[in-house]
Each structure stands twice: as structure tokens, then as C-alpha cells.
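Because only heavy atoms are used, hydrogens play no part in the values below, and waters and symmetry mates are left out as well, while side chains stay in.
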Amino acid sequence: MNKIQMSYYLALGCYCLQFVLLGISTFQRPEGVETGTIVSGIVLVAIKGIPWLVLVPGLLMRNARIMAWMSYVCLLYFIIWTLGAFSVNDSSVASCGVVVTIIQFIAAALHTRWRKQLPTAH
């Protein structure tokens, strides 16, 4: 497995892990799911993950520009996770989110850079 594929799969794995962490953080707080149903929690996770969901078609097609956009979207979630990690509640899920976001940002940025260095890449 070359470094371009490895960075792609690492970024994609962190991408999926972001949704897991969003779900855990939503269901972890009692005010996160107000009605107490799983459906409302899933809807809240989908709303929180709208910026990620927009990237899905491009990620499946392995579009290099979408990987660049993923690194920019990571910065938004980095801010959100950092605020959660240093809040009064001191969430350990948010601390994990910070680490996952940093790994995802680095993997997406390196993937974009290495793809641009290929002689056949446009």
C-alpha cells in the first residue's frame, strides 16, 4: 500500500470516527436528546454532521479537491471539539475528537499534497 492510499484510508477512517464521536457526544448528555428517543438523537447527529455529509459523494469518487475541502472542514470541527474539551464539563469524548480531527487533517492534507505531486494528477 503506497502512501497516497494509506493517507486516504486514514482520513476516511477518521471521517467515520467523527460520526461515532458525534453520536456518543449527543447521547452522552441528557439535554442532547430531549425526547429520549433514538430517532431524535440520530436526527441531531445528522444535523451536526451536515458539513461532513456534503463530502460523501466526492470521497467515494476519491476526488482530490474534496480531500482538500475535508481538511478545511476539519478545522471547523477542531474548534467545536476544542471548545468541548476545555468546557466546564471537561468531556473526554471531545478530547478524543480533538485528536481524531488532528489526525484527519494531517492525513487529508498529505493526501492532497502527494496527489498533486503525481505526474498524471490534474
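- Scanning both residues, Ala108 and Ala11, for their nearest heavy atoms gives N-CB, 4.1 Å.
- In this structure, OG1 in Thr82 is found 14.0 Å from OH in Tyr77, a value given to the nearest 0.5 Å.
- When all heavy atoms of Leu55 and Pro51 are compared, the closest pair comes out as CG-O, 3.7 Å.
- Linking Ile, Leu, Val, Met, Phe, Trp and Tyr residues whenever their side-chain heavy atoms come within less than 4.5 Å places Tyr72 and Met70 in a single cluster.
- Residues Val20 and Leu53 share a hydrophobic cluster, clusters being chains of Ile/Leu/Val/Met/Phe/Trp/Tyr side chains in contact below 4.5 Å.
- Residue Cys14 is tested with Ile102, Val99, Val100, Leu21 for a side-chain contact (heavy atoms from CB on, under 4.5 Å); the sole match is Val100.
- Here the closest non-hydrogen pair linking Leu75 and Phe105 is CD2-CE1, 4.0 Å.
- Interatomic distance, CD of Gln104 versus CD of Gln18, reported as 5.0 Å (0.5 Å rounding).
- Under a hydrophobic clustering in which Ile, Leu, Val, Met, Phe, Trp and Tyr are joined whenever their side-chain heavy atoms come within less than 4.5 Å, directly or via other members, Leu17 and Leu59 fall into the same cluster.
- Rounded to the nearest 0.5 angstrom, Ile106 CD1 and Thr101 OG1 are separated by 11.0 Å.
- Counting non-hydrogen atoms of neighbouring residues, nucleotides and ligands closer than 6.0 angstrom, the CZ atom of Arg113 reaches no more than 12 such neighbours.
- Interatomic distance, Met61 CE to Ile66 CD1, rounded to the nearest 0.5 Å: 7.0 Å.
- Side chains of Thr112 and Ser71 form no contact here, defined as non-hydrogen atoms less than 4.5 Å apart.
- To the nearest 0.5 Å, the span separating NE2 on His111 from CE on Met6 amounts to 12.5 Å.
- Taking each heavy atom of Ala85 and Ala94 in turn, the nearest pair found is N-CB, 3.4 Å.
- The closest side-chain heavy-atom distance from Leu110 to Leu10 is not below 4.5 Å.
- Considering Trp69, Trp52, Tyr15 in turn, Trp52 is the only one that fulfils the side-chain contact (heavy atoms from CB on, under 4.5 Å) rule with Cys74.
- Under the 4.5 Å side-chain heavy-atom criterion for grouping Ile, Leu, Val, Met, Phe, Trp and Tyr, Ile4 is not connected to Ile103 through any hydrophobic cluster.
- Note that the OG atom of Ser7 and the CG atom of Leu12 stand 11.0 Å from one another [nearest 0.5 Å].
- Linking ILVMFWY side-chain heavy atoms closer than 4.5 Å, directly or via other members, places Leu118 and Tyr9 in a single hydrophobic cluster.
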